[in-house]
2 protein chains.
Amino acid sequence: MPSTSKCYGYPVESIPFDVMDPACPSRVVLQRIGDKWTPLIVQALKDGPLRFSELRVAVGGITPKVLTQTLRALERDGLVLRKVFAEVPVRVEYRLTPLGESLLDPLNAVREWAESHADKILAARDAFDAATD
Amino acid sequence: MPSTSKCYGYPVESIPFDVMDPACPSRVVLQRIGDKWTPLIVQALKDGPLRFSELRVAVGGITPKVLTQTLRALERDGLVLRKVFAEVPVRVEYRLTPLGESLLDPLNAVREWAESHADKILAARDAFDAATD
DNA sequence: CGGCATCCGATACGATACTG
DNA sequence: CAGTATCGTATCGGATGCCG
């Protein structure tokens, strides 16, 4: 616990993590949930467990390799639970853990912002590009 | 406006953008605000304009090159306004646009989640790694 | 002070093919 | 069905040095 980091300098009552601190673990957390596929996968699981192939369809455009990679990472971080059913053929279900469900609201806020402001961003981009040719 | 994309198939009243659609522009928006530095820069500007060197300090660990890159991208997308003062030495201020300010709340939700759940994620990670050695 | 130019390494992501 | 293996690319980000 280096005293150089704000993340470890606060009493337990206050928030001990600070994303503005380069050494703070909350930064890596922020980048995990901010990667290309994590938000989409988590939100695809919001209504209950899905199978691997169902996830592939729900999250448009993802390849099996990347889906596996991201699911493994989410499992490792305790956001997703992987359950294998010994049937023939084998069935595998992915569901959100309570921790993963707690991420749903923040993610929804960002997703809704993205969907409702995408047009303005696109317009700003066009205007900027037109002004800098 | 290709009819193959859900993003353009809805009437104006409903949300025309869907992040689950691979062809939807809201995806690129989601990835911009989810990159490594954008959330930190936007939140660093929440209390008012900052100069380039002030931003460098506020956002710990960022290099000048990447700070410039990210600020240009934010400016292009209409989230940040860049203002140059013709003084000696020159002063440059960056401030959030109204569009950028509207991003503050969603981003705060995610940041707070990251800061308040980072310990659980770290613990889950350790447990997972210990179980898979 | 506020950048830009250049080089470079890591890695995230994708395409394709194959397997228990 | 639910992945794995292999390969290739592209983008991101870091280090360093220079400039108006």
Side-chain angles (χ1 to χ4, degrees), chain A residues 19-23 27-42 44-45 49-77 80-95 125 132, chain B residues 19-24 27-42 44-45 49-77 80-95 132:
Chain A
V19 291
M20 293 302 181
D21 185 334
R27 278 227 180 152
V28 318
V29 171
L30 205 58
Q31 286 161 48
R32 156 143 324 294
I33 65 181
D35 80 347
K36 183 167 184 179
W37 297 107
T38 293
L40 304 178
I41 292 177
V42 169
L45 292 174
L50 287 182
R51 308 177 58 166
F52 188 85
S53 42
E54 290 171 330
L55 265 173
R56 251 181 105 172
V57 176
V59 180
I62 193 170
T63 62
K65 182 190 114 180
V66 175
L67 179 55
T68 301
Q69 280 179 355
T70 312
L71 284 171
R72 287 283 187 280
L74 290 174
E75 193 189 359
R76 184 168 103 103
D77 288 346
V80 158
L81 204 68
R82 180 175 182 268
K83 196 167 184 177
V84 183
F85 297 86
E87 307 172 354
V88 189
V90 66
R91 191 171 98 241
V92 181
E93 269 186 7
Y94 295 91
R95 69 166 68 241
R125 204 173 278 191
T132 53
Chain B
V19 291
M20 294 301 181
D21 186 333
C24 185
R27 276 224 180 156
V28 318
V29 171
L30 203 59
Q31 285 160 49
R32 156 143 328 291
I33 65 180
D35 80 348
K36 184 168 183 179
W37 298 108
T38 294
L40 304 178
I41 292 178
V42 169
L45 293 175
L50 287 181
R51 307 176 59 169
F52 188 84
S53 41
E54 290 171 330
L55 265 173
R56 252 183 103 170
V57 175
V59 180
I62 194 171
T63 61
K65 183 192 118 179
V66 176
L67 180 54
T68 301
Q69 279 179 354
T70 312
L71 283 171
R72 286 285 186 280
L74 290 174
E75 193 190 359
R76 184 168 104 104
D77 288 347
V80 158
L81 205 67
R82 180 175 181 268
K83 195 166 186 179
V84 183
F85 297 85
E87 307 172 354
V88 189
V90 67
R91 191 171 98 237
V92 181
E93 270 188 4
Y94 295 91
R95 71 167 65 242
T132 52

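Throughout, a chain's letter reflects where its sequence line sits, starting with A, and its residues are numbered from 1.
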Item to check | Counterpart residues, side chain to side chain contact (heavy atoms under 4.5 Å, CB included), relative to L81(A) (two or more places apart) | outcome: R95(A), T97(A)
Checklist entry - Closest heavy-atom contact between M20(B) and R27(B)? => result O-NH2, 3.1 Å
Next on the checklist: I'd like the 5' and 3' limits of the part of DNA chain C contacted by chain A, with heavy-atom contacts below 4.0 Å.
Outcome noted: dC13(C) to dA15(C)
Checklist entry - If you measure from CZ on R76(B) to CG on L74(B), what distance do you get to the nearest 0.5 Å? => result 11.5 Å
Checklist outcome for this item: From CD1 of I62(B) across to C1' of dG13(D) the rounded distance in Å is 10 Å
Next on the checklist: Quick check on contacts: within residues 33-42 of chain A, what sits under 4.0 Å from DNA chain D by heavy-atom distance?
Outcome noted: none
Item to check | Estimated bend of the helix from dC1(C)-dG20(D) to dG20(C)-dC1(D) (axis per five terminal pairs, rounded to 10 degrees) | outcome: 60°
Checklist entry - When we call it a touch if two heavy atoms are under 4.0 Å apart, what does R82(B) touch: a base, just sugar-phosphate, or nothing? => result sugar-phosphate
Next on the checklist: Restricting to salt bridge (Lys or Arg N to Asp or Glu O under 4.0 Å), what partner residues turn up for E75(A), sequence neighbours left out?
Outcome noted: none
Filtered N/O pairs between nucleotides 4-9 of chain D and protein, under 3.5 Å:
from: dT4(D); atom 1: OP1; to: R72(A); atom 2: NH2; distance (Å): 3.4

Checklist entry - Quick one: Q69(A) CD to dG3(D) P, roughly how many Å, whole number? => result 13 Å
Checklist entry - Rounded to the nearest 0.5 Å, what separation is found between the CH2 atom of W37(B) and the CG atom of L71(B)? => result 12.0 Å
Next on the checklist: Minimum heavy-atom separation for P22(B) and G61(A), please, with both atom names.
Outcome noted: CG-N, 3.9 Å
Next on the checklist: Among residues at least two apart in sequence or on other chains, which ones pass side chain to side chain contact (heavy atoms under 4.5 Å, CB included) with K36(B)?
Outcome noted: Q31(A)
Checklist entry - Atom CZ in R32(B), atom CG in L30(B): separation rounded to 0.5 Å? => result 11.5 Å
Next on the checklist: Nearest whole Å is fine: how far is dA2(D) P from L67(A) CG?
Outcome noted: 11 Å
Checklist entry - Is a side-chain donor or acceptor of T68(A) paired with a backbone partner of P64(A) at a separation under 3.5 angstrom? => result yes
Checklist entry - Among residues 86-95 of chain B, which residues get a heavy atom nearer than 4.0 Å to DNA chain D? => result none
Next on the checklist: Quick check on dA2(D): is either OP1 or OP2 less than 4.0 Å from any side-chain nitrogen or oxygen of R51(A)?
Outcome noted: yes
Next on the checklist: I'd like to check the salt bridge (Lys or Arg N to Asp or Glu O under 4.0 Å) partners of R91(A); sequence neighbours left out, ordered by chain and number.
Outcome noted: E87(A), E93(A)
Checklist outcome for this item: Taken in chain and number order and not counting sequence neighbours, the residues that satisfy side chain to side chain contact (heavy atoms under 4.5 Å, CB included) with V84(A) are R82(A), V90(A), V92(A)
Checklist entry - At their closest point, which heavy atom of I41(A) faces which heavy atom of I62(A), and how far apart are they? => result CD1-CD1, 4.2 Å
Item to check | Sequence-distant partners of R51(B), salt bridge (Lys or Arg N to Asp or Glu O under 4.0 Å), two or more places apart | outcome: none
Checklist entry - Can you name the nearest heavy-atom pair linking P39(B) to I33(B), along with the distance? => result CG-O, 3.4 Å
Item to check | Partner residues of T70(B) under the side chain to side chain donor-acceptor pair (under 3.5 Å) criterion, sequence neighbours left out | outcome: none
